[in-house]
Amino acid sequence: MAAADPNAAPAPSHDSTNHGRRVVVAWVLLSAIATPLVAIFVGHLIPPGDASAQGTEQVFDNTWMLAIITPIVCLLAVFFFYGLRSFRATSDAVVDGPPLRNDSRIQVLWIIGTGVIVLFLAGFGTYELLQNGAGGGQGPDPIAVPAGPKFQVQVIAQQWQFTYRYPTLGNVESNQLYLPANRQIELHVTSLDAVHSFWAYELGVKADANPGVDNIVYVKTKGPGVFHVRCAELCGLWHGYMFNNGRVVDSTQFQSWASQQKTLYAAIKPFMDKPESDGGAPFSHIYLPAPDRRAG
Ligand SMILES: [Cu+2]
């Protein structure tokens with residue numbers, strides 16, 4: 001009897017099931033069902049909501065990314081559960097599975113698949129950023145400036161509160177942020193001392209507040225509502241208390257609030273108008289820290 005040929009190919013497995021095809025079919029079916037369901041029923045639950053045009057756009061972008069990632073999660077789930085079911089060890093013996101190396105089909109598919117996803121997201125993200133500024137501060141020279149008239153508000157952060165100045169209302173300063181509904185708002189975010197971050201959550205706005213920098217951010221408000229403002233940059237001991245509510249109100253309400261604020265402001269205006277060297281706080285586009293007076 002001849003000795004077995006050591007170079008002979010191993011006997012073919014008696015399992016002739018095409019596992020790859022089964023996994024792909026299950027994956028395609030699951031993805032086709034799950035992706036639209038996730039996009040329709042989960043997408044709109046993603047923050048920040050639709051209190052502003054920027055918020056709505058962010059939800060749209062997040063829904064797209066969720067829709068793209070759903071088939072990837074489906075593939076992982078199918079692969080995992082199929083593997084658990086079909087390749088479960090049948091004995092206690094610790095045996096390596098057959099090695100999977102140099103499968104050029106998988107390598108090419110992987111490179112093309114991940115390359116297409118990454119390049120699409122880069123293009124999609126850039127386009128969406130340029131569309132509306134995405135609610136982020138663009139620095140002193142914005143590149144994505146919305147057309148039409150804008151209502152300006154200066155957001156001044158300091159340890160540990162935000163105050164707001166309204167240049168079109170005679171530089172009225174308030175610790176309440178009131179915004180007119182359905183208007184294009186131009187926020188000028190700056191700081192008197194440390195680095196803060198102005199985060200108007202439901203409006204989809206977040207912009208760094210740096211001393212000496214006029215960080216411009218645009219937001220198009222929608223209907224009346226309440227939104228939360230919070231500092232999103234660790235800025236010292238009472239950072240956690242640096243929040244309040246802002247309001248988007250209709251134009252009548254905004255006018256009455258504005259005239260009320262003007263009356264209140266008239267009392268402190270002489271003090272504000274003094275030069276800084278005399279203890280005043282005159283309006284400026286940027287402020288530089290004066291630690292001897294402002295250190296918290
Ligand atoms: Cu802060």
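In what follows, every heavy atom counts, from backbone to side chain, and hydrogens, waters and symmetry copies are set aside.
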If we check ring pair (Phe, Tyr, Trp, His ring centres under 6.0 Å) with Phe162, which of these qualifies: Tyr241, Phe198, Trp199, Phe243? Phe198
Please examine the side chains of Val205 and Ile185, heavy atoms only from C-beta on, and report whether any two atoms are closer than 4.5 Å. no
Asp208 side-chain N/O to Ser197 backbone N/O, donor-acceptor pair under 3.5 Å: no
Minimum heavy-atom distance Ala194-Gln159, with the two atoms named: CB-NE2, 3.9 Å
Taking the side chain as every heavy atom from C-beta outward, state whether Val229 and Met242 have any pair of such atoms under 4.5 Å apart. no
Reported CD-to-SG distance for the pair Gln158 and Cys231, which is rounded to 0.5 angstrom: 11.5 Å
Nearest heavy-atom neighbours spanning Ala144 and Leu129: CB-O, 4.2 Å
Phe120 atom CZ: more than 12 heavy-atom contacts under 6.0 Å: yes
Please tell me whether Tyr201 and Tyr218 are part of a single hydrophobic cluster in this structure, the criterion being side-chain heavy atoms less than 4.5 Å apart. no
All heavy atoms of Pro48 vs all of Gly55, minimum pair found to be CG-CA, 3.7 Å
Taking salt bridge (Lys or Arg N to Asp or Glu O under 4.0 Å) as the cut-off, I'd like each qualifying pair that reaches into residues 109-120, sequence neighbours left out, listed once. none
Sub-3.5 Å donor-acceptor pair from the side chain of Thr70 to the main-chain atoms of Thr35, do we have one? no
Check whether any side-chain N or O of Trp27 sits under 3.5 Å from a backbone N or O of Pro71 as a donor-acceptor pair, and report yes or no. yes
What do the steps show when you test Ser52 against Phe227 for side chain to side chain contact (heavy atoms under 4.5 Å, CB included), and what is the final call? CA-CA 10 Å; Ser52 71; Phe227 58 91; over 6 Å; no
So does Gly204 get a backbone contact from the side chain of Gln58, meaning a donor-acceptor N/O pair under 3.5 Å? yes
Kindly work out whether a path of hydrophobic side-chain contacts (I/L/V/M/F/W/Y, heavy atoms less than 4.5 Å apart) joins Leu37 to Ile40. yes
Within the distance-only criterion (no hydrogens, no angle test), does the side chain of Thr190 pair as donor or acceptor with the backbone N or O of Ala209 below 3.5 angstrom? no
CG on Leu75 to CD1 on Ile69, rounded to 0.5 Å: 12.0 Å
Atom CZ in Phe80, atom CZ in Arg85: separation rounded to 0.5 Å? 14.5 Å
Tell me whether Val172 shares a hydrophobic cluster with Tyr178, the cluster being built from Ile, Leu, Val, Met, Phe, Trp, Tyr side chains joined at under 4.5 Å. yes
Could you tell me whether a side-chain N or O of Gln152 sits under 3.5 Å from a main-chain N or O of His188, the two making a donor and an acceptor? no
Atom CD in Gln154, atom CG in Asp214: separation rounded to 0.5 Å? 7.0 Å
About how many Å separate CD of Gln54 and OG1 of Thr221, when rounded to the nearest 0.5 Å? 9.5 Å
Could you check, using the six-membered ring where one of them is a Trp, whether Phe254 and Phe151 have ring centers closer than 6.0 angstrom? yes
What salt bridge (Lys or Arg N to Asp or Glu O under 4.0 Å) pairs are there with at least one residue in residues 220-246, not counting sequence neighbours? none
Straight-line distance of Thr63 OG1 to His44 NE2, nearest 0.5 Å: 9.0 Å
May I ask you to decide if Ala207's main-chain N or O and Asn215's side chain share a donor-acceptor pair within less than 3.5 Å? no
Side-chain heavy-atom pair Val116, Ile112 within 4.5 angstrom cut-off: yes
Closest non-hydrogen atoms of Ala122 and Thr126, given as atom of the first, atom of the second and distance, are O-OG1, 2.6 Å
Under the salt bridge (Lys or Arg N to Asp or Glu O under 4.0 Å) test, which residues partner Glu173, sequence neighbours left out? Arg165
Spell out, as yes or no, whether a donor-acceptor pair under 3.5 Å connects the side chain of Tyr265 to the backbone of Asn171. yes
Short question: side chain of Asn18, backbone of Arg21 - any donor-acceptor pair under 3.5 Å? yes
Are any side-chain N or O atoms of Ser256 and backbone N or O atoms of Gln253, one a donor and one an acceptor, separated by less than 3.5 Å? yes
Show your working on side chain to side chain contact (heavy atoms under 4.5 Å, CB included) between Gln261 and Leu169 and close with a plain yes or no. CA-CA 9 Å; Gln261 292 300 309; Leu169 306 178; over 6 Å; no
Indicate if Tyr164 and Val189 have the same hydrophobic cluster label, given that clusters are the connected sets of ILVMFWY residues with side-chain heavy-atom separations under 4.5 angstrom. yes
Does CH2 belonging to Trp64 count more than 12 external heavy atoms closer than 6.0 Å? no
Tell me, with the steps shown, if Gln176 and Asn244 meet side chain to side chain contact (heavy atoms under 4.5 Å, CB included). CA-CA 8 Å; Gln176 302 171 318; Asn244 56 15; over 6 Å; no
